[in-house]
Amino acid sequence: MATRDYSTRRMAIVKAIETKLKGINGNFPYRSNLYNNVLPRLKFWDEVEDFPAVHISAGSESRQYQGGGYKDRFLTVTIRVYVSEENAVFALEKLFEDIETVLEDNGSLSYTDQNGSAQSVQQITILSLDTDEGALEPLAVGEIICEVRY
């Protein structure tokens with residue numbers, strides 16, 4: 001069976017991000033501890049039982065066609081963050097900083113595609129960060145939208 005030159009790598013990239021975020025353990029340089037509570041899918045708010053929690057999902061994907069048959073792919077990834085603490089907004093901000101550190105330190109994130117080949121992304125760009133601004137305290141929810149170019 002011939003391998004395909006181009007196939008989506010959405011879940012492989014989400015899984016690689018999940019693995020890197022699980023390294024947020026409260027030890028330097030991190031300010032938060034996720035206790036390995038990172039999932040490669042979104043959950044509804046009422047399904048979240050353990051805090052802090054990070055849920056990752058792949059969103060829309062687009063292509064940019066270059067010369068010579070080359071394609072750049074752009075995958076939107078949503079990282080939803082849930083915390084439950086007395087000062088929930090501050091806890092969310094610390095966790096956002098930790099996640100941003102992981103994403104910046106892994107701008108050329110390595111992953112394995114469906115054919116078992118080692119691949120890496122070209123760039124991870126954070127497009128937006130958003131929070132509930134304390135409306136649910138002692139709970140807080142935030143969302144990071146990033147674009148992965150591969």
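Quick note: numbers below take in every heavy atom, side chains included, and nothing from hydrogens, waters or symmetry partners.
Atoms CD1 and CZ, on Ile79 and Phe96 in that order, are 9.5 Å from each other to the nearest 0.5 Å. Separating the CD1 atom in Ile13 from the OG1 atom in Thr112 is a distance of 11.5 Å, to the nearest 0.5 Å.
Residue pairs satisfying the side chain to side chain donor-acceptor pair (under 3.5 Å) criterion with at least one member in residues 91-105, sequence neighbours excluded, are listed as follows: Arg31-Glu97, Ser32-Asp98. Sorted by first then second residue, the salt bridge (charged side-chain N to carboxylate O under 4.0 Å, His left out) pairs that include residues 33-44, not counting sequence neighbours, number zero. Applying the ring pair (Phe, Tyr, Trp, His ring centres under 6.0 Å) test to pairs two or more places apart or on separate chains, none has a residue in residues 15-39. Screening residues 141-150 for salt bridge (charged side-chain N to carboxylate O under 4.0 Å, His left out) gives Asp72-Arg149, Arg80-Glu143 as the qualifying pairs, with residues at least two apart or on separate chains.
Linking ILVMFWY side-chain heavy atoms closer than 4.5 Å, directly or via other members, places Leu75 and Val102 in a single hydrophobic cluster.
Put simply, the side chain of Asn106 never gets that close to the backbone of Leu109: no donor and acceptor are under 3.5 Å apart. Asn37 places no side-chain N or O within donor-acceptor distance of the main-chain N or O of Val54, the cut-off being under 3.5 Å.
For Tyr65, the side chain to side chain contact (heavy atoms under 4.5 Å, CB included) partners are Arg63, Lys71, not counting sequence neighbours. In this structure, the side chain to side chain contact (heavy atoms under 4.5 Å, CB included) partners of Leu136, at least two apart in sequence or on a different chain, are Trp45, Asp132, Leu139, Val141. In this structure Thr76 satisfies the side chain to side chain contact (heavy atoms under 4.5 Å, CB included) test together with Ser60, Ile145, sequence neighbours excluded. Taking the side chain to side chain donor-acceptor pair (under 3.5 Å) definition, one finds that Gln64 meets it with Gln66, sequence neighbours left out. With sequence neighbours excluded, no residue forms a side chain to side chain donor-acceptor pair (under 3.5 Å) with Glu85. The side chain to side chain donor-acceptor pair (under 3.5 Å) test applied to Glu137 returns no partner, not counting sequence neighbours. In terms of the side chain to side chain donor-acceptor pair (under 3.5 Å) criterion, residue partners of Thr125 (sequence neighbours excluded) are, by chain and number, Gln123.
Using a 4.5 Å heavy-atom cutoff, the side chains of Phe74 and Glu61 are not in contact. Residues Gln122 and Val148 form no side-chain contact, since every pair of their non-hydrogen atoms from C-beta on lies 4.5 Å or further apart.
Asn33 approaches Pro52 most closely through the heavy-atom pair O-CG, 3.3 Å.
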If you look only at distance, which donor and acceptor atoms sit under 3.5 Å apart when one is on a side chain in residues 14-25 and the other is two or more places apart or in another chain?
unit_1, atom_1, unit_2, atom_2, d
Lys15, NZ, Glu18, OE1, 2.8
Glu18, OE2, Lys22, NZ, 3.1
Thr19, OG1, Lys15, O, 3.0
Asn25, OD1, Asn27, N, 3.0

